[in-house]
Q: 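My questions will all concern the structure given below.
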Amino acid sequence: MQILQLIRDRFRVVLEPMLQDPALLGATLERIVPSREAQLADYQANIAMPLQKVLGKPPLEIAKSVVDGLQVSDICSNVSIAGAGYINLRLSPEWMASEVMAADRDERLGVGRVSQPKTAIIDYSSPNVAKPMHVGHIRSTVIGDAISKVMRFLGHRVITDNHLGDWGTQFGMIIYGYKHFRDEGRYAAQPVAELSRLYRKVQGISGYQESLGNLPKFEQGVEQAHNRVRMVEEKLQGTPNDKKVIKELAAAQRGVEVAKEELRAEREKVESAQRDEELIRDSQAHSNIYEKVLAETAALHRGEEENLGLWHAFLPNCKDEIHSVYRRLNVEFDHEYGESFYHAMLPAVVEELFAKSMAVNSDGAVCVFLDGFDAPMIVQKQDGAYLYATTDLATAMFREREFAPDISLYVVDHRQGEHFTKLFAVLKKLGYDRTDFRHISFGTVMGSDGKPFKTRSGSTVGLESMLDEAVSRAMEVVCDPTTGASGQMDQAEQQLIAETVGLGAIKYADLCHNRTSNYIFDMDKMVRLEGNTSAYIQYSYARIKSILRKAEEKGWGESSFRSVPVRLTEGSEGGVSLHLLRFEDMLHQSMVDYTPNMITEYLYELAKLFSSFYDQCSVLNASTREEALSRLQLTSLVGKTLRKGLELLGIGVVDRM
RNA sequence: GGGCUCAUAGCUCAGUUGGAUAGAGCAACGGAUUUCUAAUCCGUAGGUCGAAGGUUCGAAUCCUUCUGGGCCUGCCA
């Protein structure tokens, strides 16, 4: 049920004759919204105040004439004017009751399919294969998966594509590692583990050599920072009270601290590497390893037989590893073309850019210069190699040919904002202007120190170990035999609950923050049963299932409670019902800017409203059979809505916990 | 240097795109239980929405300046 549209349609009848301009009419109708203050109204129309200039009448007079013409007696029990000219609507309990009944009888819980479905490509997760997945991948995966599921449920044609990094430098590293460091036995027994070891080994040597090479640069940086302070100090002597210069001095002094810290961190990296004798030995034997890695990568890209053969041998293993993570997360994709798929198309992309006079040679590289940006988009390097911008162009062009999408979403972290702005600008210039390209950017996962989430030793946190920890924490919290129903369960059921609650906690914690902001990762908080967590909602669901089981035992199954009408008498019943009926509106709203946190907020609110109802209104021990059956219907719909909502977020439920 | 972005209660965060007295959750304090799973519910307290101007019927939200963080910035992805 789309209540908002229903109400707006009623207002349209009144407003259309008053407002000639269709754009104004549309904007005015958009000012009819759910009320923020539940005590004041269910819905409010903030339309009279902005119209006072247009119509040349005082707002209260406008509001009155609108209300006089408004025909809503079938759905509203009260329409009033308040304050500066707010029109407040209260939905009638009878109408809500009939809508609750309809929703409970509908497989889709009363949610319709959009009348004009759109084709949407959603590009998310997109890790580099052969590198272990880490925390950084969780947001893209979880947000993209949720958006896909919601859009699909609303009736759009959704095509998901996991744009795997399967063609990059990491394969150069593995190939180099395989050629120089492989352990045949281990490779035969556990290829994935061995490849991963090889990757880490080469990466380690390369990182060490890079840090070593960086030291003089960072030392120089500190030196320069000091020089800058001296310069500003001299300048300040000339103009002692110039505020700007004083500020400049402070900035310069901070610059010294930053430079020192950078140098210190880099030295520490080097020193800790130097404690690793094997690494030092290997580093001496393989000097300039990164250049050699790039050479292996280039050979692969040229199609050199040995490297291409190794790539073909490694890729399935690497993919298997990644797929096992997706299986656990219950995430699926329609396509997994990956970067390698586009490799052969890249020369044609560059040619087309030249043909349309968009590309130029600059310092030996092929560049596309764009208005408003100093730096160009580079599509081919001096050495002839292509870059990810080139691949992204080829990918978008392929998708246009193959799927003709109306919407194309890239769920990628915010640091790539400028890249996508440029990419979309180039695509538009190339003539792909019928597609709504959007960068669905998101913030960084931070540690409790407010810095990007890392382990104590400073490395990134592995995704799988994080999932394991969430599950074991969930086990501690949820399967405490003194609380809940866990005392009655065998180990297998407890394990299933821990898995469902643990993974749900990770996903929910991610989704419940506005995607654009950074958030602080706090495992303790996210597996709790109190507060805005998945476990609280899952627990509400389990209690609902418990009531429904007991009702069934009393002979009050679905067919029984559906035989009586729903009646909303208590305040908490009305509160739950109103919220239930907003499900569809909320789903649409959450897809305007692709903000899944609107869904978590809705579900949390629903669970809270239900707990309140649960506390105030006994279902099975209601005063009459009719009342009990009426409340059972409400309970049933809350349960189904919670389950559906969580399902759309990729989160499961359990029948008891 | 240029660009993007953020700053809301002690802490973690919302804020439906400019609407009424700025909301949740933790933590703190006070209540409720012969329980349909108290893993709950009800209440109290907590705010100069970073600062200062501006735009208008009305600003946490839009504009300008400032302060302080984060990120990006020519051949990594």
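Below, read A as the first sequence line, B as the second, and so on, with proteins coming before strands; counting in each chain starts at 1. From a predicted model like this one, the values you see are computed outputs, not experimental measurements.
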Q: Of the candidate nucleotides B:rC72, B:rA39, B:rA20, which contains the atom at the shortest distance from the side chain of A:Val478?
A: B:rA39
Q: Would you please name every residue forming a ring-ring contact (aromatic ring centres under 6.0 Å, His included) with A:Tyr199, sequence neighbours left out?
A: none
Q: Between B:rU40, B:rC42, B:rG19, spot the one nearest the side chain of A:Ser612, thanks.
A: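 For A:Ser612, the side-chain atoms sit closest to B:rC42.
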Q: Measure from OH on A:Tyr536 to C1' on B:rA24 and round the result to the nearest Å.
A: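 After rounding, the gap between these two atoms is 12 Å.
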Q: For A:Lys64, I'd like to know if atom NZ has over 12 heavy atoms of other residues, nucleotides or ligands within 6.0 Å.
A: no
Q: Please check if the side chain of A:Arg139 supplies one atom and the backbone of A:Gly443 the other of a donor-acceptor pair under 3.5 Å.
A: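 Side chain of A:Arg139 to backbone of A:Gly443, a donor-acceptor pair under 3.5 Å: yes, one is there.
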Q: Can you check the distance between B:rG47 and B:rU40, where both ends of the measurement are the C1' atom (answer in whole Å)?
A: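 That atom pair is separated by 29 Å.
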Q: Please measure how far the C1' atom in B:rA27 lies from the corresponding atom in B:rU44, and state the result in whole Å.
A: 15 Å
Q: Has the side chain of A:Tyr604 got a donor or acceptor atom that lies under 3.5 Å from a matching backbone atom of A:Tyr536?
A: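 Absent.
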Q: In whole Å, what separates the C1' atom of B:rA51 from that of B:rG69?
A: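 Approximately 16 Å lies between the C1' atom of B:rA51 and that of B:rG69.
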Q: Taking A:Glu296 first and then A:Lys292, would you say they form a salt bridge - that is, a charged N and a carboxylate O separated by under 4.0 Å?
A: no
Q: Any protein N or O atoms within reach of nucleotides 45-47 of chain B? Criterion: under 3.5 Å, listing atom names and distances.
A:
none

Q: Output the single nucleotide from B:rA39, B:rU16, B:rC13 whose closest atom is nearest the side chain of A:Tyr519.
A: B:rC13
Q: So, OP1 or OP2 of B:rU37: does either fall under 4.0 Å of a side-chain N or O from A:Lys550?
A: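 Looking at the OP1 and OP2 atoms of B:rU37, one of them is under 4.0 Å from a side-chain N or O of A:Lys550.
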Q: Identify, with sequence neighbours excluded, every residue that meets ring-ring contact (aromatic ring centres under 6.0 Å, His included) alongside A:Tyr594.
A: none
Q: Tell me the interatomic distance from A:Tyr602, atom OH, to B:rG15, atom P, rounded to whole angstroms.
A: 18 Å
Q: Can A:Tyr86 be said to stack with the base of B:rG19, given centres closer than 5.5 angstrom and planes under 30 degrees apart?
A: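 Stack criterion not met.
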Q: Quick one: A:Asn532 CG to B:rU12 P, roughly how many Å, whole number?
A: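 Those two atoms, CG and P, are 16 Å apart.
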Q: Taking N or O atoms only and anything under 3.5 Å, show me the protein contacts with nucleotides 74-76 of chain B, one pair per line.
A:
unit_1	atom_1	unit_2	atom_2	d
B:rG74	N1	A:Ser362	OG	2.8
B:rG74	N2	A:Ser362	O	3.1
B:rG74	N2	A:Ser362	OG	3.2
B:rC75	O2	A:Gln382	N	3.0
B:rC75	N4	A:Asp363	O	3.0
B:rC75	N4	A:Gln382	NE2	3.1
B:rC76	OP2	A:Lys381	NZ	2.3

Q: Closest approach to the side chain of A:Leu529, judged atom by atom: which nucleotide of B:rU16, B:rA39, B:rU40 is it?
A: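 It is B:rA39.
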Q: Out of B:rC57, B:rC72, B:rC13, which has the shortest distance to the side chain of A:His513?
A: B:rC13
Q: May I ask you to check whether A:His513 and A:Phe442 place their ring centres under 6.0 Å from each other?
A: no
Q: Looking at A:Glu605 and B:rA24, is any side-chain donor or acceptor paired with a base atom of the opposite kind under 3.5 Å?
A: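 Under the 3.5 Å cut-off, the side chain and the base do not form any donor-acceptor pair.
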Q: Indicate, with yes or no, if the rings of A:Tyr388 and A:His419 have centres closer together than 6.0 Å.
A: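 That pair passes the under 6.0 Å test.
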Q: Tell me if the aromatic rings of A:His163 and A:Tyr342 count as close, with their centers under 6.0 Å from one another.
A: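 That pair passes the under 6.0 Å test.
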Q: Whether A:Thr391 contacts B:rA77 is assessed here as follows: a side-chain N or O lying under 4.0 Å from the phosphate OP1 or OP2. Is that the case?
A: no
Q: Verify, without hydrogens or angle tests, whether A:Ser534 (side chain) and A:Ala505 (backbone) share a donor-acceptor contact under 3.5 angstrom.
A: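 Yes, the answer is positive, given that a donor and an acceptor are paired below the 3.5 Å cut-off.
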Q: For RNA chain B, please output the secondary structure as dot-bracket, reading 5' to 3'. Pairs are Watson-Crick or G-U wobble, both atom distances under 3.5 Å; mark crossing pairs with [ ], other-strand partners with |, unpaired with a dot.
A: (((((((..((((.....[...)))).(((((.......))))).....(((((..]....))))))))))))....
Q: Starting at CZ of A:Phe521 and ending at C1' of B:rC13, how long is that distance when rounded to a whole Å?
A: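 Distance check: A:Phe521 CZ to B:rC13 C1' gives 16 Å.
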Q: Between B:rA60, B:rG70, B:rA14, which nucleotide gets closest to the side-chain atoms of A:Asn518?
A: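 Among the listed nucleotides, the one closest to the side chain of A:Asn518 is B:rG70.
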Q: Separation of A:Glu601 atom CD from B:rC13 atom P, in whole Å?
A: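 The answer, rounded to whole Å, is 15 Å.
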Q: Any chance you could lay out the side chain to side chain contact (heavy atoms under 4.5 Å, CB included) test for A:Gln44 and A:Val33, step after step, and finish with the verdict?
A: CA-CA 6 Å; A:Gln44 58 178 294; A:Val33 293; 4.0 Å; yes
Q: Are A:Phe424 and A:Tyr410 near enough that their ring centres are under 6.0 Å apart?
A: yes
Q: Can you check the A:Tyr508 OH to B:rA14 P distance for me, whole Å?
A: 12 Å
Q: For residues A:Thr391 and A:Glu339, is any side-chain donor paired with an opposing acceptor at under 3.5 Å?
A: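 The criterion, which ignores hydrogens and geometry beyond distance, is not satisfied for A:Glu339 and A:Thr391.
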Q: OP1 or OP2 of B:rC41 versus the side-chain N and O atoms of A:Ser611: is any pair under 4.0 Å?
A: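 Answer is yes, contact under 4.0 Å.
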Q: Answer yes when A:Asp524 and A:Arg473 have at least one side-chain N-carboxylate O distance shorter than 4.0 Å, and no when they do not.
A: yes
Q: Nearest to the A:Arg36 side chain among B:rA20, B:rU37, B:rA14, which nucleotide is it?
A: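 Out of B:rA20, B:rU37, B:rA14, the nucleotide with an atom closest to A:Arg36's side chain is B:rA20.
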Q: Going by modelled atom types, is there a donor-acceptor pair between the base of B:rA20 and the side chain of A:Asn88 at under 3.5 Å?
A: yes
Q: Distance check needed: B:rU37 C1' versus A:Met657 CE, whole Å only.
A: 10 Å
Q: Which parts of nucleotides 26-32 of chain B does protein reach within less than 4.0 Å, heavy atoms only, written one letter per nucleotide 5' to 3' as B for base, S for sugar-phosphate only and - for none?
A: S------
Q: Between A:Asn514 and A:Gly372, just flag the one whose closest nucleotide in RNA chain B comes earlier from the 5' side.
A: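 Its nearest nucleotide being more 5', the pick is A:Gly372.
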Q: Rounding to an integer number of angstrom, what distance separates B:rC71 and B:rG30 when you compare their P atoms?
A: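 Pairwise P distance, B:rC71 against B:rG30, rounds to 44 Å.
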Q: Please determine, for the side chain of A:Lys53, which listed nucleotide (B:rC36, B:rA39, B:rC57) has the closest atom?
A: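 Nucleotide nearest to A:Lys53's side chain: B:rC57.
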Q: Looking only at atom C1', what distance separates B:rG68 and B:rA52, rounded to whole Å?
A: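 Rounded to whole Å, the distance is 15 Å.
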Q: Atom CE of A:Met446 to atom C1' of B:rU5: distance rounded to whole Å?
A: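 Going from A:Met446 (CE) to B:rU5 (C1'), I get 12 Å.
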Q: Does A:Lys422 come within less than 4.0 Å of A:Glu418, counting only side-chain N to carboxylate O?
A: yes
Q: Is A:Asn621 close enough to B:rC36 that one of its side-chain N or O atoms is under 4.0 Å from OP1 or OP2 there?
A: yes
Q: Considering only B:rA77, B:rC57, B:rU37, which nucleotide approaches the side chain of A:Ala542 most closely?
A: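 In terms of side-chain proximity for A:Ala542, the closest of B:rA77, B:rC57, B:rU37 is B:rU37.
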Q: OP1 or OP2 of B:rG15 versus the side-chain N and O atoms of A:Asn597: is any pair under 4.0 Å?
A: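 Answer yes for this pair, as a side-chain N or O of A:Asn597 is under 4.0 Å from OP1 or OP2.
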Q: Check the pair A:Asp413 / A:Arg415 against salt bridge (Lys or Arg N to Asp or Glu O under 4.0 Å), numbers first and verdict last.
A: CA-CA 6 Å; A:Asp413 86 272; A:Arg415 285 173 301 191; 2.9 Å; yes
Q: Distance check, P atoms only: B:rG70 and B:rU8, in whole angstrom units.
A: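 My reading of the P atoms in B:rG70 and B:rU8 gives 15 Å.
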Q: Taking B:rC41 as the reference, what is the distance to B:rG25 when you measure between their P atoms (whole Å, please)?
A: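 B:rG25 and B:rC41 have their P atoms separated by 9 Å.
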Q: Strictly distance-based, threshold 3.5 Å: is any side-chain N or O of A:Asp42 a donor or acceptor partner for the main-chain N or O of A:Leu578?
A: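 Not confirmed, A:Asp42 side chain does not pair with A:Leu578 backbone.
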